[in-house]
Amino acid sequence: MAEQLSGDLRLVGLTKSFEQFTAVQPTDLTISQGSFFALLGPSGCGKTTTLRMIAGLEDPSGGQILIGDKDITSTKAYQRNVNTVFQSYALFPHMTVLDNVAFGLKRRGDKDAKRKAEEALELVQLAEVGRKKPVQLSGGMQQRVALARAIVNRPDVLLLDEPLGALDLKLRRQMQIELKRIQSEVGITFVHVTHDQEEAMTMADTIAVMNGGRIEQLGDPATLYESPRSTFVANFLGQSNLLRATVTGEPGSDGTVVVRSHDTDLEVSRAHLPDGIREIFLGMRPEKLRLGTGGGPNQLKGTVSDVSFTGVATQYLVRMPWGRELTVVQQNDGSARAVVGENVTISWAAEHGFALDAHQDADAGVDTED
Amino acid sequence: MAEQLSGDLRLVGLTKSFEQFTAVQPTDLTISQGSFFALLGPSGCGKTTTLRMIAGLEDPSGGQILIGDKDITSTKAYQRNVNTVFQSYALFPHMTVLDNVAFGLKRRGDKDAKRKAEEALELVQLAEVGRKKPVQLSGGMQQRVALARAIVNRPDVLLLDEPLGALDLKLRRQMQIELKRIQSEVGITFVHVTHDQEEAMTMADTIAVMNGGRIEQLGDPATLYESPRSTFVANFLGQSNLLRATVTGEPGSDGTVVVRSHDTDLEVSRAHLPDGIREIFLGMRPEKLRLGTGGGPNQLKGTVSDVSFTGVATQYLVRMPWGRELTVVQQNDGSARAVVGENVTISWAAEHGFALDAHQDADAGVDTED
Amino acid sequence: MRWVKRHLLAFAALAVLFYMLIPNVVVAIFSFNKPRGRYNYQWTEFSTEAWQHPCGTPGICESLGLSLRIGITASFVATVLGTMVAFALGRHRFRGRAGTNLLVFMPMATPEVVMGSSLLTLFVMMGVPSGSEAILIAHIMFCLSFVVVAVKARVASLDPRLEEAAADLGANAVQTFLRVTLPLAAPGIAAGALLAFSLSFDDYIITNFNASPSSITFPMYVWGASTRGTPVQINVIGTIMFLIALVVVVGGQAYSSRRQKAA
Amino acid sequence: MASVTGTAPALSTGASAPPERRRSNWVPYALLLPGLLWLFVFFVVPMITLFSQSLQEGSIDEGYTFTGNVGIYAEALQSYFPQLLRSIGYAASATVLALLLGYPLAYFMALKAGRWKNVLLVLVIAPFFTSFLIRTLAWQTILSDVGPVTSFARSIGLTNLLQAVGLTSNDNLMASKFAVICGLTYNFLPFMILPLYASLERLDPRLVEAAGDLYASPAQGFRFVTWPLSLPGVVAGTLLTFIPAAGDFINSKLLGNTQTVMIGQVIDAQFLRVLNYPLAAALSFVLLVLILALVMAYVRKAGTEELV
Amino acid sequence: GSKGRSPSASGGTSASAKSAQDMSASEKLVNWSNWPEYIDVDDKTQKRPTLEAFTKQTGIKVNYTEDYNDNDEFYAKVRPLLAAGNDTGRDVWCSTDWMVARLIRQGYVQKLDLANIPNHGNVEDSLKNVEFDPGRVYSLPWQSGFAGIAYNPKATGGKKVETVDQLLTDPSLKGKVTLLSEMRDSVGLVMLAMGKDITKFTDADFNAAIDEIKKAKDAGQLRGFTGNEYTKPLAAGDIAACIAWTGDVVQLQAENPSLGYVLPQTGCTLWSDNFVIPAMAKHKKNAETLINYYYDPKVMAQVVDYVNYIAPVKGSKEVLVKEDPSVAKNQLIFPDPQTLSRAHVFRGLTPAEETKYSAKWAELTAS
Ligand SMILES: Nc1ncnc2c1ncn2[C@@H]1O[C@H](COP(=O)(O)OP(=O)(O)OP(=O)(O)O)[C@@H](O)[C@H]1O
Ligand SMILES: Nc1ncnc2c1ncn2[C@@H]1O[C@H](COP(=O)(O)OP(=O)(O)OP(=O)(O)O)[C@@H](O)[C@H]1O
Ligand SMILES: NCCCCNCCCN
Ligand SMILES: [Mg+2]
Ligand SMILES: [Mg+2]
């Protein structure tokens, strides 16, 4: 049991159905050893279920789970070299923090459990609270204890189920940094579930966006953000402005294609346009839009309907003549600000637009609440 | 009781001590009628205590509370024309949503309670759940019920104690927009407690930053953000880079003063330098710093030690020759990105720096956890 | 075999439940017996005679009536007094908490024989005659502690912020109590009252110490009858009470779950 | 009715002190007054009377006079030590048995029964309403020497086994140690199950999963997580079973023989047959103090501070 | 009660019983406590014919309660009330001889107004002048009977049980024997079996008998000491053999003819249970009317025909010879001199003896 049969984590056709309902569609996925992998998606999309199958807390309805070459599909939870940081922390309330952390080691008969547990607490900077009970700690501290309790076992894979979900923004940012640090120090595979896209983007090497039990898109954060392949990903991972448009021209020599939207000709990179599609959504990220004409060949005119200051940046809503509002984010770097009611021109570069098949719901992934 | 003696909310020397401990230092504050006021500060700084005194749930140890000209200091909670949206929602679990909302009106013998409650539920877009029990609603819906339950009474002042604290990021942003909308529709005074600075900045007309029972600074969001008057405010409200520096020159004709930090001459607007102080912290907001020389007269060289992509922007940590890291945020507007290990120059405009008295803790407000 | 192993716990649980219910089953079966002699210990013949005349034995329904009256009165008074104490303990800080807790706990830690006999000594000394008043006093006394404990558990878990919310919404102290506190504590109070009733209705030992010939409660009647041969009617009434309890409890459950689900 | 289980936290671990209220300070006292007065007049005063009774001497015919005769306690202990010991022994056995039987049922109800939960709960509570005398008399019928149960026990050799281990004295089941302990177990089982159920129902199943995730086998998960977290229920249940069982005499009277007499039976007889009031009172106090001492020691050991 | 004195105080010898205002005229009611299975019952209707007839005849309703299961137990129940000078709620009950002696001594029972009991002269001559109540001033017998040995062959495996020795030592009866908690019957039978004379025994004789019983108890021979509640388990077979009262067993034999009953060769006890009227009884006159009613030989015959005890009323045998000859012939009900010679009356005890012996007996039976 103690042998470290480490290797990539592989899910092969993994699926899970509850009575009437399929929570996880057959999924194939390889997560390379030592990487930080994030699973992102709206509530109920099957993230926790996937994690629980990997941990052995839920029996898959089909498919296999492998670590390296070893098939662990039918191994019992307590025999798997996988640990979980639960969203609820699930710290044992009747044990001290130290006993919580030493729990896994003791179950494996590790003679050195206490010392190792103390080291793990040091790693999460909680050496001094070992004697306390979990209730005596703040949420952030509890979260770190849960982390230490999992990490101390040096599992092949560490599963983190929204471990920061209950923390407030400031503490959350701090913990994100800490998690990254710990991952790079101990070098085990992290599978991190969250529905905070910013968290996923700052932390993960690879992100999988899940929707309705399927992985909708997989890739590194920047690729996913800059080139979403569905309206769902475009809306769920950050904000997007989507304009309905029709491809009117052929690719030009500069690698751009002309599309027509609301009686305006706009350009989009050929590379960002899926083949053989004429009806598209033209998408632009808010921070790619410029107020003014300096941004590129694409220009739209509108009226500022809302300005909101967020410190680092200011967010503008600009109403288009056809009624829809576009969101523009502009860094507060000292450049001039627009005011509500002002008529402005919005512009962007052709390579910053992306095109999506228009045969889907433009609002998918916008509102994640049901 | 039903008369609407509306007016500004005024706290005069309001203070609260618990046995050994003063939770709220004597505080003077005027919140003008119909404004959206945010109370911001770290955990334990006295925000809830202040709110509870205004609501009448806590007896002040000293001072007065007035609405308009009426002194309500010794009025009982149930006699005040003030309502609260509790952080925990505190919905009555044994009543339907509609009964919850109608509760306050019924206590005042309003004949029209039911109709008004239904209207209030419509306002928060929950008309269809009136018959349900609170447990059957999601967190976001419960929060809106709590809001409706308070608003329906048309109080002079509405107190909101971290009403969004328990929501996840996406839902939170949605609710912020809704709150703003409601406030502008009903036009009553909102006093909103939060420790999410971004929330405070996007929503409030005026922000008060509290620290250790005192209001440390008061003003509109942009002023507070751009011109913090203490390291605490600088660090708590957004991020700041603070450099220890000494004023070496006299104000130049262009309105700037030269200061020296780590053997480099830097410029700062005269307007941003408090009088008569020579030892200062020179502060710059991360988004005001540019990678490259284009940003202004102030230039520092360093090495990129970390790059993190957040979608809208990228955050760089740049290590200075003297070891400290500066944070730079750059909008992902298509401009070139730096990579880890790259030697870069950081520059910023003189008017974007602010100077603080160096006789304080540079890290005050950075870590809000105790 | 694996199936058996997987359901081992269920089997164990059902076996225990069987153990708990078997006497009731036997009582119910023998309620349809038609004993040959005066003793109902051996199955002889099926008959619904006792069911048709549940009061067909002298004294039985009088004693049942007395037990019900005492049970209802005692549980009512104990519930009122106990709820007040529980509110004080669960909602207030005051000097003498520990002493109060101890005073409430002691009757639960005192064997019934001791309680019954000490009360008898006191009543005799004070010239309180034995009889239903004495029984009532005793029942209220020992039910009180159980009510306190049941209600206190509930009251302590109430969120005090709900009461603040009520005040914030313009409810004065009385309204807050009636509209918020009381309804929220109601399940605990109901549980306490139910427990008190069942304890009072079922008590033999303490009752026996303080009863007079004109105050034969149902358990005393059963005891007396057992020395001479229990009439079938006792089984009938035992079974009826069991069924009533099932209906009351199931009904309560259904009611509260329907309220919870309320469209 | 899940709420009956409210008794559970009852004797359980320290509920945090309630928040300070802004009410005037007389309110709690006003709330306490009627209830505590009742308890004082009808519990404390009789206890004092009883205690004074134990220190009197005389005879039923001549009357009793207070002499401060503490010797009676020595006499009580000396004469009835075996019965005292036996009561504790039977009560302890019944408590352990009730725990062993009650735990699986409570566990099943709380965590595995799903929608059957309420039905089971009802079935546990409903027998309360059939007089427990009737039910104990039913045991007489069930275990009757000439009944099918005893015949069956004989045929599978159970009676021989019970006789061999000294739980019965002949080839019957009734009128034996065995029958008394079974009766006690049966009678107080609901008092064990309800608090256990209440504490197990509060158990977060995710903690058990977490233990499995941390390499604890199901047995270890129970040993290190489920069991310790259900301790408040175990403590409350064992107290609610042990205390009344130790003072009970109905079971030993109806199901036992002359070798199984418990202390409650002695006290009952001394009060209600023999009329040796001082001895009866002294025995009552010995029993009370013994139970209190055991409860205190147990509660301290189990780490529960606030009793109620 | 005065300080330091128990509520039980009072007593002393020959106190006189207090009487309450007699409500007999206004409340046509009498409260009678009696032993179980001690009155005639119509097995079909569960009604009590002689009682109903009494009510019809006199208009006096009878609250008949079978709560007298054992002398000591019943005494303990009423004593606190009597001692405090309270009404016991009963107007009349039937106590065994020695208990009547105690009640008279304590002043807890009232003198009968014989003017209200014209039939009192019907009492059997042998019972007219008893040691504890010379001239029957306080009491009149209700029924007499023997204590002998009963057994259920179903439970003994067909074996007869005819001696006290068998009861106490036969291993095949281990744990299936009960004795009576009534000291005079149990100890009496054992002393007789040991060859002692229970009309004039000594401390040593008494102690020897106690030791004998204790030995049996410690050996696990005894299932229990019972009041009148032995009847059901005896009939069911849960008790194999026991000391029992005649009438009870004769009644049981009607349903279980196989039940055995013997008056041991070594001797048996003879006793009577007697009507007494307690102090403070509210319906004394009605009680006396009731006693008078039962002292009518025809009524008594009807009772005896059912309960099968020995009638204390002259002329009842004659009635039964006509109506139910089988009963009239039963030696247990109308014993001939030969049977009677086997029966003995436990001698009266001085208060000191009574205290001493009861304590010993209690220590044995109540633990
Ligand atoms: N035991 C179960 N029985 C039936 N359905 C279940 C069960 N567990 C989960 N589901 C369903 O499976 C779906 C996926 O659930 P899962 O918990 O994996 O979602 P999630 O992505 O983790 O959501 P969240 O972000 O809210 O935690 C949901 O629709 C849920 O209702
Ligand atoms: N009833 C009380 N008795 C003693 N101290 C109290 C009491 N209530 C609050 N305090 C203390 O007063 C201080 C301010 O508390 P308060 O609840 O107002 O903080 P806050 O700003 O709302 O914090 P948070 O953001 O965590 O809600 C804290 O140090 C707290 O411990
Ligand atoms: N079933 C009536 C029994 C009456 C017995 N009387 C007891 C006399 C004791 N010597
Ligand atoms: Mg989840
Ligand atoms: Mg607060």
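Order of the sequence lines sets the chain letters (A, B, ...), proteins ahead of strands, with each chain counted from 1.
- Between chain C and the residues D:Ile291, D:Ile142, D:Leu254, the most heavy-atom pairs under 4.5 angstrom are made by D:Ile142.
- Minimum interatomic distance between D:Ala126 and C:Leu246 (heavy atoms only, all atoms of both residues): CB-CD2, 3.7 Å.
- Contact annotation: the side chain of C:Trp43 never approaches that of D:Thr141 to less than 4.5 Å [non-hydrogen atoms, C-beta and beyond].
- Heavy atoms of C:Val85 lying under 4.5 Å from chain D belong to its backbone as well as its side chain.
- Neither the backbone nor the side chain of C:Thr83 has a heavy atom closer than 4.5 Å to any heavy atom of chain D.
- Applying the salt bridge (Lys or Arg N to Asp or Glu O under 4.0 Å) test to every pair with at least one member in residues 139-150 of chain C, sequence neighbours left out, gives no pairs at all.
- Residue C:Tyr19 qualifies as enclosed at atom OH: its count of foreign heavy atoms under 6.0 Å is above 12.
- Atom CH2 of D:Trp116 has 12 or fewer neighbouring heavy atoms from other residues, nucleotides or ligands inside a 6.0 Å radius.
- C:Val113 and D:Gly247 get closest at one heavy-atom pair: CG2-O, 3.3 Å.
- For residues 186-195 of chain C, no residue pair satisfies the side-chain hydrogen bond (donor to acceptor under 3.5 Å, both in side chains) rule, not counting sequence neighbours.
- Inter-residue side-chain proximity for C:Phe94 and D:Leu32 is flagged as met; some heavy-atom pair is nearer than 4.5 Å.
- With a threshold of 4.5 angstrom between heavy atoms, D:Pro104 approaches chain C through its backbone and through its side chain.
- In this structure, the portions of C:Ile137 lying under 4.5 Å from any heavy atom of chain D include both its backbone and its side chain.
- Using a 4.5 Å cut-off on side-chain heavy atoms (C-beta onward), C:Phe197 and D:Phe129 make contact.
- Side chains of C:Val16 and D:Phe108 form no contact here, defined as non-hydrogen atoms less than 4.5 Å apart.
- Proximity to chain D at a heavy-atom threshold of 4.5 Å picks out C:Ile234, C:Gly238 from residues 231-239 of chain C, in numerical order.
- Taking 4.5 Å as the limit, every side-chain heavy atom of D:Tyr186 sits out of range of all side-chain heavy atoms of C:Ile22.
- The part of D:Val44 that comes within reach of chain C is its side chain, from C-beta onward, which places non-hydrogen atoms under 4.5 angstrom from that chain.
- Interface residue C:Ile140: backbone and side-chain heavy atoms are both found under 4.5 Å from chain D.
- Residues C:Ser226 and D:Leu133 form no side-chain contact, since every pair of their non-hydrogen atoms from C-beta on lies 4.5 Å or further apart.
- Although no hydrogens or angles enter the test, the distance criterion places a donor-acceptor pair under 3.5 Å between the side chain of C:Asp202 and the main chain of D:Phe132.
- You'll find the side chain of D:Ile134 stays beyond 4.5 Å of the side chain of C:Met241, heavy atoms only.
- For residues 244-253 of chain D, the salt bridge (Lys or Arg N to Asp or Glu O under 4.0 Å) pairs, not counting sequence neighbours, are D:Lys253-D:Asp268.
- Across D:Pro127 and C:Phe242, no two heavy atoms sit closer than the pair N-CE1, 3.7 Å.
- D:Leu272 is listed as a side-chain neighbour of C:Asn208, based on a closest heavy-atom distance under 4.5 Å.
- For a residue to count as touching a neighbouring chain, one of its non-hydrogen atoms must lie under 4.5 Å from one of that chain's; by this rule D:Phe242 does not touch chain C.
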